[in-house]
Amino acid sequence: MLDSPFKEATAVLERIEQNGHEAYFVGGCVRDHLLDRKIRDVDIATSATPQFVQNIFDKVIPVGIEHGTVIVRHLDTSYEVTTFRIDGTYSDSRHPDHVAFINKIDKDLERRDFTINAMAMNKQGQIIDLYHGREDLNKRIIRTVGDGYERFKEDPLRMVRAVRFASQLGFTLDIETKNQIRSLNKEINTVAVERIAVEMEKFFAGDYISEAMKELKTTELFNNLPVFKYQPSLINLLPAEQTPLHSLAEMFAFFHFLYPQISVNTWIKEWKASNQSKRNTIKLVEAVTEFRNNGLENWIVYQLPSDLYAGFIRVLTALSEHAIPTLQEMRTIVSGLPIENRQELEIDGNDLIKLFPDVTKGPWMQKLLNQVEYLVVMRKLTNKKEKIREWLKWNPPEVN
Ligand code: ATP
Ligand code: MG
């Protein structure tokens, strides 16, 4: 019997099989299982149609019926269950224009991008490996299923996916695959930027980013990506050997400081950054600006979400700043802060209204609260109602 997480997922395969259809684990989960890596999502491929799958399970979310995918919930886990399919053309560079459902897994594996991603496994743990995926896993090589030239033309995003897997797995690109990417790199421009950003986020998060960065450069994919395609020389500003940056936000912040002519907003817009990535970029840029002006003080660690501390240090490292703080130093400062957030201030908007009853409510309130918050965090004002009231008396709202 297979171990977790396949053990729990086996019930899903069995239910489908009991209803007369084939079902397998496929793609990334099989690859990561064979590599003994942590498995993230268990994806399932089946000969049953989405409608059929919906009928035989109680908890189903129809996320992409037209592409054959439904999510089955089993024991509080979600499984993407996708009907065996062959893809049509990708004219919108997002999804194939049409897909055809089929009843054999062979063709379904054939449409997949890389040999290491094109394996299936049944509930006994037997592997279906029609494209020598295991061999490539052993050789630590990323190679397309079929003719790379055709496969990259069909969906140029696969070129970015190739370097993304290189970064995550520490694999190298097969020499032909690499040459094919080199000859088609410009095609990446036809792909929706959001899709590229998703892959690049994973690329940056990979353990082998420095090696993979070399592949991104030598295939000249890098200088065809948003912003870089107008300013290819930017790439040379990245440290050559090691790439300390680990997310798109860190990269945007880094380049913005090295080359301020390109605004933060331009990076965010051109890359159609996700809200998360946008927020992180802005926070990092604020923190680095503050650091350059005043060094590491309370306000920086107070303002910066703690999940960005490491990223902040990495951006400073990439920028070769002086006196770069350690994570430990930042944690020590944060644990000694007078307040953790604005809610902990001993005064609020209501107190301001009481103190200045004659002044009509307005933006001055936010402004004053901001000032008080800053002073309290910086230990220039004690977080006591009396003390703050006293300060406010001497610093009344400026209203005209
Ligand atoms: P991860 O663990 O990072 O999610 P993954 O291999 O599961 O890696 P996904 O992007 O989730 O990657 O895709 C799931 C599977 O779908 C892949 O393993 C591959 O077989 C197939 N696939 C995904 N995108 C493409 C694509 N653009 N072209 C061909 N096959 C693809
Ligand atoms: Mg996946």
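Every number for a ligand or one of its atoms is a count from 1 in the order of the listing. In this text the structure is predicted, and so the values were computed from the model without any measurement. Quick note: numbers below take in every heavy atom, side chains included, and nothing from hydrogens, waters or symmetry partners.
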Worksheet item: Would L157 count as a contact of ligand 1 if the rule is a heavy atom under 4.0 Å away?
Response: no
Discussion item. With heavy-atom distances below 4.0 Å as the criterion, list the atoms of ligand 1 near G28.
Written reply: 5 (P), 6 (O), 7 (O), 18 (O)
Fill in: Enumerated ligand 1 atoms positioned under 4.0 Å from heavy atoms of R111
29 (C), 30 (N)
Fill in: Carboxylate-amine/guanidinium proximity below 4.0 Å for R195 and D155
yes
Discussion item. Can you confirm, on distance only, whether ligand 1 has an N/O atom lying under 3.5 Å from any N/O atom belonging to R164?
Written reply: yes
Response to the item:
Distance col, row M378:CE vs W299:CH2, nearest 0.5 angstrom, shows 9.0 Å
Worksheet entry | Salt-bridge contact R143-D136 (side-chain N to carboxylate O under 4.0 Å) | yes
Worksheet item: Is ligand 1 under 4.0 Å from a heavy atom in the side chain of R40, in the backbone, in both, or in neither?
Response: side chain
Worksheet item: Do T82 and T69 meet the criterion of a side-chain donor-acceptor pair at a distance under 3.5 Å?
Response: yes
Discussion item. Ring of F57, cation from R15 - is the NZ or CZ under 6.0 Å from the centre and inside 45° of the axis?
Written reply: yes
Discussion item. Once you measure the plane-to-plane angle for F255 and W267, does it fall in the parallel (<30°), tilted (30-60°) or perpendicular (>60°) bin?
Written reply: parallel
Worksheet item: Do R379 and P338 come within less than 4.5 Å of each other through their side chains, counting heavy atoms only?
Response: yes
Worksheet item: Any sub-3.5 Å donor-acceptor pair from T10's side-chain atoms to F6's backbone N or O?
Response: yes
Worksheet entry | R31 N/O under 3.5 Å from ligand 1 N/O | yes
Fill in: Nitrogen or oxygen atoms of D43 and ligand 1 under 3.5 Å apart
no
Worksheet entry | D113, portion touching ligand 1 at heavy-atom distance under 4.0 Å | both
Practice prompt. Just jot down the ligand 1 atoms closer than 4.0 angstrom to any heavy atom of G27, in number order.
Written response: 18 (O)
Fill in: Sub-4.0 Å atoms of ligand 1 with respect to non-hydrogen atoms of R158
26 (C), 27 (N), 28 (N), 29 (C)
Practice prompt. Enumerate the atoms of ligand 1 whose separation from the nearest heavy atom of N117 is less than 4.0 angstrom.
Written response: 6 (O), 18 (O), 19 (C), 20 (O)
Worksheet entry | Heavy-atom gap R151 to ligand 1 smaller than 4.0 Å | no
